[in-house]
Amino acid sequence: MSPLILLAGATAALSLAGCQPSQDAAFGEKVRAYLMAHPEVIREAVQKLSEKERMAEAQQSGELIEKHRTALERDPRDFVANPDGKITVVEFFDYRCGFCKTAAPEIIALIAENPDVRFVFKEFPIFGEVSDTAARVSLTPQVKAKGLEVYKAMMADKALNEAAIDRHLAAAGLDPVKIRADAKAPSIVKQIAEVRALAMAMKIEGTPAFIVGDTFIGGADIPSLKAAIAVAKADAARKT
């Protein structure tokens, strides 16, 4: 928030507290002089406001996560790495999202290093037709059976297009023609639509987006993701 807005707001608020109209100008000048002489007051107010907004956002995120936890963590249609893990990480992602591609190697490493953490992949295509194709083929039983193999290949492809999708499917020993046919199944189309609706309900507008326990992490913020996993593990250990 602009210091000028804070200054104007403070002046107006103090004026409304009891000053008469004839005194408003003089009182306002005194307030202005004080704030100009003590700019740290404005800085403290901005910091307090930012902290209050962050707390409100965290509380709202926590409430939304709890409301939709089953759909987020336990949809049997999703691909899940380390399905027997005790801690759950959910990622909303798009195969053509540059930040998702940047985060992907870190995600693969986290999966390998944390067998006790379930990683739930939510197909959330938001970058056009190629993204939609990649999401649909990934939800076919044949591709899900390949685990992370196709995910790694498509995420490593910086210029993913329709031809590249077929190439990656073939490299995994799959028939692209059959996979594309199976990907048109109404159940898969419905699943993607429901993930979009879930993202909207969660106020998720971009990718990647992560959820760990009651914590929401927007963007490819891997340090925050690792920290949230550590906190979740510590909380789980205390409960056992």
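Scope of the values below: all heavy atoms of this structure, side chains included, with no hydrogens, waters or symmetry mates.
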In Å, rounded to the nearest 0.5 Å, how long is the span from [atom1] of [X] to [atom2] of [Y]?
X: Glu113; Y: Lys226; atom1: CD; atom2: NZ; result: 6.5 Å
X: Ile179; Y: Leu174; atom1: CD1; atom2: CG; result: 5.0 Å
X: Lys152; Y: Ile108; atom1: NZ; atom2: CD1; result: 5.5 Å
X: Ile126; Y: Glu205; atom1: CD1; atom2: CD; result: 9.5 Å
X: Lys144; Y: Phe79; atom1: NZ; atom2: CZ; result: 9.5 Å
X: Glu63; Y: Asp214; atom1: CD; atom2: CG; result: 10.5 Å

Given 3.5 Å as the limit, does a donor-acceptor pair link the side chain of [X] with the main chain of [Y], or not?
X: Asn82; Y: Ile111; value: yes
X: Arg69; Y: Arg74; value: no
X: Asp78; Y: Val80; value: no
X: Asp221; Y: Ser224; value: yes
X: Lys101; Y: Tyr95; value: yes
X: Thr102; Y: Gly98; value: yes
X: Arg118; Y: Glu73; value: yes
X: Asp157; Y: Ala159; value: yes
X: Lys86; Y: Ala236; value: no

Closest heavy-atom pair and its distance - [X], [Y]:
X: Glu149; Y: Ala171; result: OE2-O, 4.1 Å
X: Ala103; Y: Ile222; result: CB-CD1, 4.0 Å
X: Leu139; Y: Arg77; result: CD2-O, 4.3 Å
X: Val143; Y: Ser138; result: CG1-CA, 3.7 Å
X: Leu160; Y: Arg96; result: O-NE, 3.4 Å
X: Val120; Y: Leu72; result: CG1-O, 3.8 Å

[Y] reachable from [X] in the ILVMFWY side-chain graph, under 4.5 Å edges:
X: Phe119; Y: Leu148; value: yes
X: Leu225; Y: Met155; value: yes
X: Ile165; Y: Val150; value: yes
X: Val195; Y: Val137; value: no
X: Val212; Y: Leu110; value: yes

Quiz prompt | Phe127, CZ atom: more than 12 neighbouring heavy atoms under 6.0 Å | solution = yes
Self-check item: CD/Glu162: more than 12 non-hydrogen atoms of other groups inside 6.0 Å
Solution: yes
Exercise. Begin with the C-alpha distance, continue with both residues' side-chain angles, and end with the deciding distance and a verdict on side chain to side chain contact (heavy atoms under 4.5 Å, CB included) for Gln142 and Leu169.
Key: CA-CA 10 Å; Gln142 304 95 310; Leu169 292 173; over 6 Å; no
Side chains of [X] and [Y] in contact at under 4.5 Å (non-hydrogen atoms):
X: Thr140; Y: Lys178; result: no
X: Thr207; Y: Glu91; result: no
X: Ile65; Y: Met202; result: yes

Practice problem: Could you give me the CA-CA distance, side-chain angles and deciding distance for Ile107 and Phe210, then say whether side chain to side chain contact (heavy atoms under 4.5 Å, CB included) is met? | Solution: CA-CA 11 Å; Ile107 300 303; Phe210 299 94; 3.6 Å; yes
Exercise. Run the salt-bridge test on Arg196 and Asp132 with the 4.0 Å N-O cut-off and return the result as yes or no.
Key: yes
Self-check item: Side-chain ion pair, Lys239 and Asp235, N-O less than 4.0 Å
Solution: no
Quiz item: Stepwise, does the side chain to side chain contact (heavy atoms under 4.5 Å, CB included) test hold for Gln191 with Glu123?
Solution: CA-CA 9 Å; Gln191 182 177 352; Glu123 301 281 353; over 6 Å; no
Quiz item: Can you list the steps and then say if Phe124 with Leu198 is a side chain to side chain contact (heavy atoms under 4.5 Å, CB included)?
Solution: CA-CA 10 Å; Phe124 184 36; Leu198 178 60; over 6 Å; no
Quiz item: Is the ring centre of Phe93 less than 6.0 Å from the ring centre of Tyr151?
Solution: yes
